[in-house]
Each structure stands twice: as C-alpha cells, then as structure tokens.
Undergrad: 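Can you keep this structure in mind? I'll have questions shortly.
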Amino acid sequence: YGLIPAKFAEFAAAIARFQPVKINAAGKLRAEAERELKAAKADLSVIELTDIATDDVWCRDHGPIFVKNDATRELALTDWEFHGWGGKFEASLDNQVPGKVAAKLGVRKFSYPFELEGGGIEVSGDGLLLTTEAVQNNPNRAEGRDDAAFHAALRDGLAIDELLWIGEGLANDDTDGHIDNLARFIAPRAILAVSESDRASPNYAPMQENLRRLRELRPRGQRLDILELPLPKDFGLLLHAGQSSGEYWADDKYTDYAIGLTKTVGKFDLTLKWIDGSDYRPGNNVDGDAFSSDSKAFFSVATSFPWE
C-alpha cells in the first residue's frame, strides 16, 4: 500500500492540468491525500477533496453514472443498486454514495431499483451500450428481476437505443465478467477487445467466442471495427522501491486502463526486476509493442501513463 498513494497523487496532478478533479478522501485519509498531492506538486486550486464514507475503493462500480441533457446541458446522475458484485462483499456504505454525491453537487438524481456497476457497462456516446451476460444475467444480480423492466431502465436512464451483448468474462474475475476487462469503445463504431492465443488458457474459448459475437454485431445496420488486444501472459516480478519490496503478479488485462490518451507525462520511479533477477526497463510510451503478446510489454502500460 505504501507505494500507491503517491502514484494516485501523480495521476491527479496530471489530470488537474486539464480539468477539475474531485477526490473522495474520507476521514483520516484527507490529511494523507493533501500531503501526497502537495508532494506531487498538484494544482490544489482545481482539486476538491470530499468526505463520503465507503466500504471499498471502486468508485467506478459503486459511484454515480452521470448523464447530461443534450438540449439544456443539465448534468444529472443515475443511482443504481450496488451490493458488492452480487453480494460478495459488504457494500452498505458504497450503495449510499450516489445519493450523497447528488446532494453535494446539487444535481438531480434518477434512481433505479436494479443492480448495476459502472465497470459492467460500456457506452459508445451515441446510444449503444455493450455489456456481458455473465454479469447482467448472473443469478447473483438477476434472480427475481423483471428483465424487460431492467432493459427499459438502461434505455431510459442512460439514453440507450440499442443493447449489445457478449458472453463470458475472464477467469477468476471477482466481478463475474465486467466489460471493462474485455472490450472498450475507442470510437462510436470501433471496439478494442481482448484476445487469447494460448489454447491451454481458460480464457481462450470464451475470448474467441466474444470476438465472434462482436464481429457479428450490426448496431443500426453497421459493422463494428474490432481491434484485438492480446492478454498478457501470467508472470511474476520482484519490486523494489525504498523500504517496500515483495513478489507480485501482474494484472491480467489492459482494457480497464485509460484509453484514448496520447502522450506520456512520466513513468513510475520504481526498479522492476523479473523473478529470475533480470532487469526490466519499461518503454516511454503506450504504443507499438506495448500491445504485443509479449508479457514483458505489460508494464509499459502499467508504468507509463499517457497524460499530456
């Protein structure tokens, strides 16, 4: 944990160069957040810290999903049920977050009585929503649900014209198969989707099936451009940074990192070594071979963030 707050502060400092930043730093975390932001030389005039109690950190999933009226430009938020990814974890505080955010911002809130996590949906920005059957139709979320009413709520609440579906998620995913691990819109009719070339992998068959289904989709009669993004191979590394060290396993996907940003601000000031002791030197940009199937390319994505 000791390495993480300083890096989050660097992310916030980079983003704050272009837009205001709001950070939920509840209770005693506020002083730590202020200290790290100052150390990162963040512009505190455009960073607001708020205090909303939570059970966990995953605001993408338990937080509000914002919407904007095209005609009036009014910003509002939608509030869906969150129960710890199908009841796996305590989430009573998390489930209150959207309402508290609405009150703090003074915006209208539209509530829906269905379980939905932000990482479980992907939208095109012009009326398409992509999601997975593994999450939305999982009995831990869907048992006893009126499916037609749920689909209508998605259309109404998020201004969706067409729901697009793929099947399964990655193996050992606590979320049961969030779409943010699998496929992301990079343009209204283009999707970056993960693939697996190792036939021995438990992800091979479901990812091949997802790709097949994506290629067969014809939203509004149009074919989608599907760009494959190979999953990194499983690998371990030794990390040394000051007094902190240990053995870690790399994350198993790229797609839930930021997409669509182009230039590098900087990279982690960590010394990374592979388990066999050989040095690892990450590249400076998220491009080119960073999207190859070579597992050593992964940390180019994880340690070099394209904010400029």
Side-chain angles (χ1 to χ4, degrees), residues 1-69 73-80 82 91 93-110 117-119 121-123 125 180 184 241-242 244 251 254-270 282 284-286 299 301-308:
Y1 172 82
L3 300 172
I4 296 172
K7 295 306 158 187
F8 273 34
E10 290 179 24
F11 304 158
I15 297 170
R17 292 164 55 187
F18 305 99
Q19 66 180 60
V21 175
K22 298 182 187 296
I23 300 173
N24 186 29
K28 64 182 181 180
L29 293 176
R30 183 183 185 93
E32 181 181 7
E34 290 176 339
R35 182 174 65 252
E36 297 293 356
L37 288 167
K38 289 176 181 176
K41 297 181 172 54
D43 181 357
L44 299 181
S45 70
V46 295
I47 297 179
E48 178 184 350
L49 300 181
T50 192
D51 187 342
I52 299 175
T54 63
D55 298 290
D56 212 331
V57 301
W58 302 108
C59 191
R60 178 190 295 179
D61 289 344
H62 68 237
I65 300 175
F66 287 90
V67 291
K68 181 178 284 189
N69 186 300
R73 310 308 293 168
E74 177 191 0
L75 181 71
L77 64 78
T78 61
D79 180 7
W80 306 78
F82 178 77
L93 292 175
D94 291 342
N95 199 34
Q96 300 174 45
V97 169
K100 292 180 178 180
V101 171
K104 181 170 182 59
L105 297 180
V107 301
R108 284 203 289 168
K109 179 186 73 168
F110 298 90
E117 299 117 25
I121 60 172
E122 177 71 9
V123 296
D180 63 1
R184 307 291 301 276
S244 300
D251 207 345
Y254 299 103
T255 53
D256 59 353
Y257 291 93
I259 288 180
L261 304 172
T262 56
K263 295 186 180 178
T264 300
V265 167
K267 57 188 179 185
F268 284 12
D269 53 352
L270 305 179
N284 290 326
N285 292 285
V286 182
F299 263 87
V301 177
T303 64
S304 185
F305 288 83
W307 286 305
E308 174 81 315

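Because only heavy atoms are used, hydrogens play no part in the values below, and waters and symmetry mates are left out as well, while side chains stay in. Small disclaimer: the values here were computed from a predicted structure and weren't measured.
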Undergrad: When rounded to the nearest 0.5 angstrom, what distance separates CD in Glu34 from CD1 in Ile47?
TA: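 Those atoms lie 10.5 Å apart.
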Undergrad: Is atom CZ of Phe8 surrounded by more than 12 heavy atoms (other residues, nucleotides or ligands) closer than 6.0 Å?
TA: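 No, not enclosed.
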Undergrad: Please determine if Lys41 and Glu10 form a salt bridge, counting it only when a charged side-chain N lies under 4.0 Å from a carboxylate O.
TA: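 Looking at Glu10 together with Lys41, the answer is no, because their closest N to O distance does not fall below 4.0 Å.
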Undergrad: What do the steps show when you test Thr50 against Lys104 for side chain to side chain contact (heavy atoms under 4.5 Å, CB included), and what is the final call?
TA: CA-CA 9 Å; Thr50 192; Lys104 181 170 182 59; 2.9 Å; yes
Undergrad: What closest approach, in Å, do Gly99 and Lys109 show between heavy atoms, and which atom pair accounts for it?
TA: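 Heavy atoms of Gly99 and Lys109 come nearest at CA-CD, 3.9 Å.
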Undergrad: Is there a side chain to side chain contact (heavy atoms under 4.5 Å, CB included) between Leu77 and Ile65? Walk through the geometry before answering.
TA: CA-CA 6 Å; Leu77 64 78; Ile65 300 175; over 6 Å; no
Undergrad: Before accepting this row, confirm whether a basic side-chain N of the pair Arg108/Glu74 lies closer than 4.0 Å to the acidic partner's carboxylate O.
TA: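 Salt bridge flag = yes for Glu74 with Arg108.
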Undergrad: Do Leu44 and Lys38 have side-chain heavy atoms sitting under 4.5 Å apart?
TA: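 Yes. Closest side-chain heavy atoms under 4.5 Å.
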Undergrad: Rounded to the nearest 0.5 Å, what separates atom CG in Asp43 from atom CZ in Phe18?
TA: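 Answer for the CG-CZ pair, Asp43 versus Phe18, is 12.0 Å.
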Undergrad: Do Val21 and Glu48 make a side-chain contact, defined as non-hydrogen atoms from C-beta onward lying under 4.5 Å apart?
TA: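 Not touching, per the 4.5 Å side-chain cut-off.
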Undergrad: Closest heavy-atom contact between Asp55 and Leu93?
TA: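 It is OD2-N, 2.7 Å.
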Undergrad: At their closest point, which heavy atom of Ala40 faces which heavy atom of Ala13, and how far apart are they?
TA: O-CB, 3.9 Å
Undergrad: What's the separation between atom CZ in Phe82 and atom CH2 in Trp58, rounded to the nearest 0.5 Å?
TA: 10.5 Å
Undergrad: Show the nearest heavy-atom pair for residues Trp80 and Asn95, with the distance to one decimal.
TA: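 For Trp80 versus Asn95, the nearest heavy atoms are O-OD1, 3.7 Å.
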Undergrad: Which atom pair, heavy atoms only, marks the closest approach of Val107 to Ala76?
TA: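 Smallest interatomic distance, heavy atoms only, reads CB-CA, 4.3 Å.
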Undergrad: Do Asp51 and Arg30 sit within salt-bridge range, that is, some charged N less than 4.0 Å from a carboxylate O?
TA: no
Undergrad: Give, for atom OG1 of Thr54 and atom NZ of Lys100, the distance between the pair rounded to the nearest 0.5 Å.
TA: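 Answer rounded to 0.5 Å: 9.5 Å.
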Undergrad: Indicate yes or no for a side-chain donor-acceptor contact from Asp94 to the backbone of His62 under 3.5 Å, with no hydrogens or angles considered.
TA: no
Undergrad: Without swapping roles, check the side chain of Asn24 against the backbone of Ile52 for a donor-acceptor pair under 3.5 Å.
TA: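 It does hold such a pair.
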Undergrad: Distance from Leu37 atom CG to Glu32 atom CD, nearest 0.5 Å?
TA: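 If we round to the nearest 0.5 Å, Leu37:CG and Glu32:CD are 10.5 Å apart.
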Undergrad: Tell me the closest heavy-atom pair linking Ala53 and Val97, and the distance in Å.
TA: O-CG2, 4.2 Å
Undergrad: Hey, could you give me the CG/CZ distance between Asp79 and Phe110, rounded to the nearest 0.5 Å?
TA: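 It is 12.0 Å, given to the nearest 0.5 Å.
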